[in-house]
Amino acid sequence: MISPRRRLDRIEVTGIRAWGHHGVLAQETALGQTFSADVTLGLDTAPAAAGDDLTRTVNYADVARAVQEELSGEPVALLETLADRIARRILQDVGHPLVRHLALRLHKSAAPVGLPVQDVTLSIEREAAPEEAVLALGTNLGDREEHLRAALEQLHAAEGIDIAWTSPVLRTAPVGGPADQGEFLNAVIGVRTLIGPWELLELAHRIEQAAQRERSIRWGPRTLDVDVITYGTWRSDDPELTIPHPRAHERAFVLGPWHAARPEDELPGHGPIGALLAQAADRADLAPGPEIEGFARP
């Protein structure tokens with residue numbers, strides 16, 4: 001069971017109107033009437049605010065347009081059906097994967113109830129489906145085994161995260177950076193998560209900070225590196241969160257542990273990880289690492 005995630009920010013779009021032909025009665029489907037909707041989108045808006053960047057949040061104009069298209073689209077008999085169709089359109093399409101919660105209120109002010117009523121409304125709430133994500137961990141400073149063990153414990157305790165699988169720990173030679181740095185311990189973890197990709201990146205950074213990670217030298221020695229490798233099939237070219245990770249397809253220190261745990265997996269956009277591992281320049285430097293509680297055995 002995935003633990004609940006923290007309270008989300010909200011974007012509200014109200015009074016979206018369109019002429020539709022939904023209803024049970026023949027005159028409703030023939031003549032049509034005005035339907036309206038109010039939508040509340042639950043998501044993390046901090047990344048967009050930090051970069052003043054629309055691509056890091058949901059475009060509420062796109063959401064309003066999608067709702068209007070559904071209101072005026074193929075007729076259905078029930079408001080319940082229409083509401084569910086709108087919710088799926090937002091959570092699986094225009095708001096995916098940033099919108100993690102949706103509240104929707106549908107209005108049918110001309111509902112034929114045979115009595116003088118002002119409005120008929122239906123309110124629903126829906127959660128986005130959990131996403132499968134892959135994280136890569138690496139350490140070559142300090143108590144390396146403890147860094148990996150602590151990182152796994154923090155992931156277990158995090159809201160909205162469920163550990164799906166872990167790789168064995170492998171020893172790997174450094175790739176890039178200073179020539180005199182020590183060997184790494186690397187592992188890969190698969191999670192099922194209710195939180196969005198930017199929240200997952202923030203969690204990765206918090207785990208690094210708990211290990212006193214310092215980013216002074218690119219590809220240099222580090223107490224702990226936690227990278228988001230994949231987030232479902234979602235793709236992002238954002239320089240702060242490129243998904244899939246831009247170098248994962250050529251790094252044996254990622255592909256090796258991953259392949260040891262899930263040999264049939266694929267890296268979105270690049271293909272089977274087994275074929276990628278066979279071509280990785282650093283594959284010869286892989287060696288079994290220590291057994292650490294919580295990680296798979298070599």
Side-chain angles (χ1 to χ4, degrees), residues 2-3 5 96-98 100 128-139 147-170 172 175 184-208 211 213 222 224-280 282-283 286 289 292 294-298:
I2 305 177
S3 59
R5 44 87 179 122
H96 180 267
L98 302 182
R100 307 309 300 166
E131 294 282 353
E132 304 283 342
V134 174
L135 305 175
L137 281 61
T139 171
H147 293 324
L148 294 180
R149 185 182 298 110
L152 186 58
E153 289 179 355
Q154 291 173 75
L155 285 170
H156 271 298
E159 294 180 345
I161 296 286
D162 182 38
I163 304 295
W165 54 269
T166 61
S167 79
V169 176
L170 298 187
T172 68
V175 176
F184 278 81
L185 296 182
N186 286 95
V188 173
I189 298 175
V191 301
R192 295 178 71 247
T193 178
L194 294 173
I195 66 178
W198 285 97
E199 294 172 280
L200 187 58
L201 178 65
E202 179 186 355
L203 173 60
H205 287 169
R206 291 201 305 270
I207 294 172
E208 290 178 341
R213 163 72 186 271
R222 68 212 73 170
L224 185 65
D225 192 19
V226 182
D227 287 326
V228 181
I229 305 300
T230 67
Y231 185 92
T233 58
W234 183 64
R235 307 289 292 271
S236 169
D237 294 325
D238 191 290
E240 292 187 28
L241 182 59
T242 305
I243 301 292
H245 191 281
R247 291 174 296 278
H249 66 285
E250 57 188 18
R251 299 303 199 208
F253 60 78
V254 173
L255 298 168
W258 188 357
H259 184 264
R262 309 266 292 188
E264 304 302 319
D265 277 3
E266 295 191 6
L267 180 62
H270 296 282
I273 58 173
L276 297 173
L277 176 60
Q279 299 174 16
D282 57 329
R283 66 187 182 279
L286 299 178
I292 299 177
F295 291 90
R297 291 176 177 268

> Does Asp238 reach the main-chain N or O of Glu240 with its side chain, forming a donor-acceptor pair under 3.5 Å?
Replying inline: yes

> Quick check: does any side chain N or O of Arg222 sit under 3.5 Å from a backbone N or O of Thr139, one acting as donor and the other as acceptor?
Replying inline: no

> Pro298 and Gly289: which non-hydrogen atoms are nearest, and at how many Å?
Replying inline: CG-O, 4.1 Å

> Do Ile189 and Leu137 come close enough that some side-chain heavy atom pair is under 4.5 Å?
Replying inline: yes

> Would you say Asp225 and Phe184 make side-chain contact, with heavy atoms under 4.5 Å?
Replying inline: no

> Do any N or O atoms from the side chain of Thr230 and from the backbone of Gly232 form a donor-acceptor pair under 3.5 angstrom?
Replying inline: no

> Who pairs with His249 by ring pair (Phe, Tyr, Trp, His ring centres under 6.0 Å), at least two apart in sequence or on another chain?
Replying inline: His270

> Between Arg192 and Glu131, is there a side-chain N and carboxylate O pair less than 4.0 Å apart?
Replying inline: no

>> Just so I know, are the side chains of Asp265 and Pro272 near enough to count as touching, which here means a heavy-atom distance under 4.5 Å?
In response: no

> Is the backbone of His259 close enough, under 3.5 Å, to the side chain of Arg262 for a donor and an acceptor to pair up by distance?
Replying inline: no

> Shortest non-hydrogen contact from Ala164 to Glu132?
Replying inline: CB-OE1, 4.5 Å

> Any donor and acceptor pair, going by atom type alone, linking the side chain of Ser236 with main-chain N or O of Leu241 inside 3.5 Å?
Replying inline: yes

>> Checking the side chain of Gln279 only, and the main-chain atoms of Leu276 only, is there a donor and an acceptor separated by less than 3.5 Å?
In response: no

>> So does Trp198 get a backbone contact from the side chain of Glu202, meaning a donor-acceptor N/O pair under 3.5 Å?
In response: no

> Any donor and acceptor pair, going by atom type alone, linking the side chain of Asp282 with main-chain N or O of Ala252 inside 3.5 Å?
Replying inline: yes

> Between Asn186 and Val169, is a side chain to side chain contact (heavy atoms under 4.5 Å, CB included) present by the stated rule, with each step listed?
Replying inline: CA-CA 6 Å; Asn186 286 95; Val169 176; over 6 Å; no

>> For the CZ atom of Arg149 and the CD atom of Gln154, what is their distance to the nearest 0.5 Å?
In response: 13.0 Å

> Mind checking whether Trp234 and Pro197 have side chains closer than 4.5 Å, heavy atoms only?
Replying inline: yes

> Of the non-hydrogen atoms in Thr166 and Ala261, which two are nearest, and what is the gap between them?
Replying inline: O-CB, 3.8 Å

> Are the side chains of Leu200 and Ile161 in touch, meaning some heavy atoms are under 4.5 Å apart?
Replying inline: yes

> Can you tell if the side chain of Val134 reaches within under 4.5 Å of the side chain of Trp165, non-hydrogen atoms only?
Replying inline: yes

> How far apart are the closest heavy atoms of Pro257 and Ala187, and which atoms are they?
Replying inline: CB-CA, 4.1 Å

> How far apart are the closest heavy atoms of Val254 and Val188, and which atoms are they?
Replying inline: O-CG2, 3.4 Å

